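Reviewing the structure listed below.
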Amino acid sequence: MVSWKMNIFITGTDTDIGKTFITAGLAALMQSLGYKTGVYKPFQSGAEEKNGFLIAPDLAFVKKIDAFVETACTYLMKPPTAPSLAAEIEKVHVDVNAILRDYKIINDKCELVISEGAGGLCVPVSPKLLTSDIVKLLNVPIVIVARPDLGTINHVLLTINFAISQGIDVRGVIINRYPQGTDDIAIRTAPRLIEEYSDTKVLGIVKDVASVQTLTPGAIIDTILNSVDIEKIFGIKIPKLNSGV
């Protein structure tokens, strides 16, 4: 069984803040650096039907960026709601042993696994479980993806403090969709204030892009490579290189 030391869990401070873009970019970059990489989603709400089969759109995006990244999902559910409600609607019983089983399978295939949650740490995934419980079950550190605008400091600090209260290791914060050249004082000072009011580092500031779907895989890898501290996120040393994009 391969080591779990490089594995991380991507969570957010809110919904629709680009967790999947960050997850796919990190996975494709690490795959390009020679690490066999996997992406695991315990829950996919809003699953889509294609050719008679349910698919996870988040994992489909990962595969679009790099088809060689291993992907796995335990619970695919159609309702675009919190996993607990989607499971209730579809009469699905959430079994943590199934999550551990699927995680072990993909972990055994890969040198590192990036897990992606639904929303934030307090999103309910079953009648008695939150996303934070799944993170503790997998026993991996989290990376928090946050939006850049007014209110993000409060959301990030709440997420950090809740994670710490639950015994979860917070590896760092990535601020996504950061508007370049902004004069907004709230946006410009957010990274500094997050670090001042916590013991957590901002390990990435990823620029806003007009349309994620139109970016080439190389452009996405280049964006992550030049915007995120990969070494601190995964706890490794990587060679200094140019993406060639």
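By convention here, the first residue in the shown sequence is residue 1. These figures come from a predicted structure and were not determined experimentally.
For Arg188 and Asp184, the salt-bridge test fails: no basic side-chain N is under 4.0 Å from an acidic carboxylate O. With respect to Lys78 and Glu48, no salt bridge is recorded, no charged nitrogen being found less than 4.0 Å from a carboxylate O.
By the 4.5 Å heavy-atom criterion applied to side chains, Asp95 and Tyr75 are counted as neighbours. Residues Phe43 and Leu76 form no side-chain contact, since every pair of their non-hydrogen atoms from C-beta on lies 4.5 Å or further apart. Using a 4.5 Å heavy-atom threshold, the side chains of Ile10 and Ile142 count as separate. Counting heavy atoms from C-beta on, the side chains of Ile164 and Asp169 never come closer than 4.5 Å. A 4.5 Å side-chain heavy-atom check between Cys122 and Phe162 finds at least one atom pair inside the cut-off. Contact check for Pro79 versus Glu90: side-chain heavy atoms found under the 4.5 Å cut-off. Residues Ile160 and Ser198 are in side-chain contact: their nearest non-hydrogen atoms beyond the backbone lie under 4.5 Å apart. Counting heavy atoms from C-beta outward, Ile205 and Ser227 have side chains that stay 4.5 Å or more apart.
With values rounded to the nearest 0.5 angstrom, Ile153 atom CD1 is found 6.0 Å from Ile194 atom CD1. From Ile221, atom CD1 reaches atom CG of Asn226 across 11.5 Å, with rounding to the nearest 0.5 Å. Here OG of Ser126 is found 8.0 Å from CD1 of Ile99. Values are rounded to the nearest 0.5 Å. The line from CG of Leu137 to CG of Leu100 is 4.0 Å long, rounded to the nearest 0.5 Å. The OG atom of Ser32 sits 11.0 Å away from the CD1 atom of Ile224 when rounded to the nearest 0.5 Å. One finds the CD atom of Glu231 at 7.5 Å from the CD1 atom of Ile236 (value rounded to the nearest 0.5 Å).
One hydrophobic cluster, built from ILVMFWY side chains closer than 4.5 Å, holds both Val173 and Val140. One hydrophobic cluster, built from ILVMFWY side chains closer than 4.5 Å, holds both Leu33 and Phe234. Cluster annotation: Leu112 and Ile233 are assigned to the same hydrophobic cluster (Ile/Leu/Val/Met/Phe/Trp/Tyr, side-chain heavy-atom contacts under 4.5 Å, transitive). Put simply, Leu203 and Met30 are part of the same group of oily side chains (I, L, V, M, F, W, Y) that touch within less than 4.5 Å, one to the next. The cluster map of Ile, Leu, Val, Met, Phe, Trp and Tyr, joined by side-chain heavy atoms under 4.5 Å apart, puts Ile55 and Val69 in different clusters.
In terms of modelled atom types and a separation under 3.5 Å, the side chain of Asn161 and the main chain of Leu157 share a donor-acceptor contact. At distances below 3.5 Å, not a single donor-acceptor pair connects side-chain atoms of Thr11 with backbone N or O atoms of Ile144. Between the Asn176 side chain and the Ile17 main chain, a donor and an acceptor come within less than 3.5 Å of each other.
Around NZ of Lys63, the count of heavy atoms belonging to other residues, nucleotides or ligands within 6.0 Å exceeds 12. Counting non-hydrogen atoms of other residues, nucleotides and ligands closer than 6.0 Å to NZ of Lys207 gives a total of 12 or fewer.
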List the steps, then state whether side chain to side chain contact (heavy atoms under 4.5 Å, CB included) holds for Ser115 with Leu138.
CA-CA 9 Å; Ser115 300; Leu138 302 182; 3.9 Å; yes
For Val113 and Val39, run side chain to side chain contact (heavy atoms under 4.5 Å, CB included): C-alpha distance rounded to whole Å, both residues' side-chain angles, the deciding distance at 0.1 Å, then the answer.
CA-CA 6 Å; Val113 176; Val39 172; over 6 Å; no
Residue pair Thr152, Asp14: steps toward the side chain to side chain contact (heavy atoms under 4.5 Å, CB included) verdict:
CA-CA 10 Å; Thr152 198; Asp14 207 339; over 6 Å; no
Let me see the working for Cys110 and Thr37 under side chain to side chain contact (heavy atoms under 4.5 Å, CB included), right down to the final yes or no.
CA-CA 5 Å; Cys110 301; Thr37 303; 5.9 Å; no
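Just one residue in the list Leu225, Thr223, Asp222 forms a side-chain contact (heavy atoms from CB on, under 4.5 Å) with Leu29, and that residue is Leu225.
Under a 4.5 Å side-chain heavy-atom cut-off, the cluster of Ile, Leu, Val, Met, Phe, Trp and Tyr residues that includes Leu150 has no other member.
The two atoms that bring Gly38 and Ile106 nearest to each other are CA-CD1, 4.0 Å, heavy atoms only. Leu130 and Leu121 get closest at one heavy-atom pair: CB-O, 3.7 Å. Closest approach of Ser45 and Ala86 over heavy atoms only: OG-CB, 4.0 Å. In terms of heavy-atom proximity, Val206 sits nearest to Val228 at CG2-CG2, 3.9 Å. Listed here is the closest heavy atom pair of Ile168 and Ser132: CD1-O, 3.8 Å. Between Thr20 and Glu116, the shortest heavy-atom contact is OG1-OE2, 2.7 Å.
A donor-acceptor contact closer than 3.5 angstrom is absent between the side chains of Glu195 and Thr200.
For Lys36, there are no side-chain hydrogen bond (donor to acceptor under 3.5 Å, both in side chains) partners, not counting sequence neighbours.
Between Tyr103 and Tyr40, the ring planes lie tilted relative to each other; the angle falls in the 30° to 60° range.
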